[in-house]
Amino acid sequence: MGLVDIFGRIATDLRVSLTDRCNLRCTYCMPADGLPWLPGPQLLTDDEVVRLVRVAVERLGVTDVRLTGGEPTLRPGLVDLVARLAELQPRPRLALTTNGLRLAGLASGLRAAGLDRVNVSLDTLDAARFVALTRRDRLADVLAGLQAAVAAGLTPVKVNSVLLRGVNDDEATALLRWALDAGYELRFIEQMPLDAQHGWRRADMVRADEILAALSTQFTVRPRPGRGTAPAELFEVDGGPGQVGVIGSVSAPFCAACDRVRLTADGQVRNCLFAREESDLRTPLRAGADDDELARRWRAAVRGKHAGHGIDAPGFRQPDRPMSAIGG
Ligand code: SAM
Ligand code: SF4
């Protein structure tokens, strides 16, 4: 039996965080000084990651595995780890979410190891703004990483952008023009209350409808039918084939169709980004649990998934862990 919750949703898309560390300090994600990183012994080893993902694909019906973080390219031995995951049967589709800083040097090796696709996060095309947003002067590295991903065949290359009011919210059309010209699939994502500083304010969030209104000043954007379980509300641009995604995670939640489950870098299953509970797989794993036992615990962890993220509920409390430690 797969990963089914009490509402009948089936989780087939596993997000695996490989580290909580990062080489950027995006203001909406973590403080300038970084965070108290997880101690090394608490992190799953490569063998442990492969074991748990194997259980997920062999016994739990997981078909898609996305490696994320923190910044997953900081994980030593990433290429070898991808190669091992690509050998699993049934072979999962393998994707990576990255800030792109190290992608120029890694893309071809990752592709050869079996990585299928990559999502690169980039919120601005302006070098000075990039520094203000990420606290590092590395825009050129991201752009080089994107080109390397295309050259390596990690296509379609997707670009994720978060717009912040008064910072880069005037860049929606420029980002789309740039992505269409370069052949990247752009997706705007609403800012969520998952920052380590707990500084998110609803009024500051640039909403999906505002983003669409901005895009409509320069493009003809029409909804594409068939959203399915995909969170991206997809829009055809200027009659196609170009398209843009606008993910209203907060203003138009897709929780009812959510097919995701997460494994943190320290071996905790989270059934939702916003879950307040986690289920520890690392301890039983290290105590010698067999695959049946790990699968049983994993199923139980997903079963209790809440109906929705509850951001609008009166008693909403942000999860203790920030996005970078959960695995975005
Ligand atoms: N470091 C990698 C990266 O930036 O792509 C992977 C991890 S990062 C947490 C994954 C994605 O989450 C990025 O696209 C980032 O922009 C997004 N993100 C981080 N904090 C967010 C927040 N508070 N709301 C919405 N998206 C957020
Ligand atoms: Fe790092 Fe990604 Fe968070 Fe930016 S969004 S600080 S790149 S983990």
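When a residue number appears, it is its place in the shown sequence, counting from 1. Whatever order the structure lists ligands and atoms in, that order sets their numbers, starting from 1. Computed from heavy atoms alone, side chains included, the values below leave out hydrogens, waters and symmetry copies. These numbers come from a predicted model, not from an experiment.
- Not one N or O on the side chain of R15 forms a donor-acceptor pair closer than 3.5 Å with the backbone of R262.
- Without hydrogens or angle criteria, N168 side chain to D123 main chain gives a donor-acceptor distance under 3.5 Å.
- Here the shortest heavy-atom pairing between H306 and R9 reads O-NH2, 2.7 Å.
- Criterion: ILVMFWY side-chain heavy atoms under 4.5 Å apart, direct or through other members. Under it, L273 and I10 are not part of a common hydrophobic cluster.
- When all heavy atoms of V150 and T155 are compared, the closest pair comes out as CA-CG2, 4.2 Å.
- The set of protein atoms (N, O or S) found at less than 2.8 Å from atom 4 (Fe) of ligand 2 reads C26 SG, by chain and number.
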What are the distances between nitrogen or oxygen atoms of ligand 1 and protein nitrogen or oxygen atoms, counting only those under 3.5 Å?
unit_1, atom_1, unit_2, atom_2, d
ligand 1, 1 (N), G70, O, 3.0
ligand 1, 1 (N), E71, OE1, 3.1
ligand 1, 4 (O), S121, OG, 3.4
ligand 1, 5 (O), T98, O, 3.2
ligand 1, 5 (O), S121, OG, 2.5
ligand 1, 14 (O), S121, OG, 2.7
ligand 1, 16 (O), Y28, OH, 2.9
ligand 1, 23 (N), Y28, O, 3.4
ligand 1, 23 (N), M192, O, 2.8
ligand 1, 24 (N), M192, N, 2.7

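- Closest of all the heavy-atom pairs between R25 and D33 is NE-C, 4.0 Å.
- Here the closest heavy-atom approach between residue I189 and residue S249 is recorded as CG2-OG, 4.1 Å.
- Shortest non-hydrogen contact noted between A113 and V79 is CB-O, 3.5 Å.
- With a 4.5 Å cut-off on side-chain heavy atoms, N99 and C22 count as touching.
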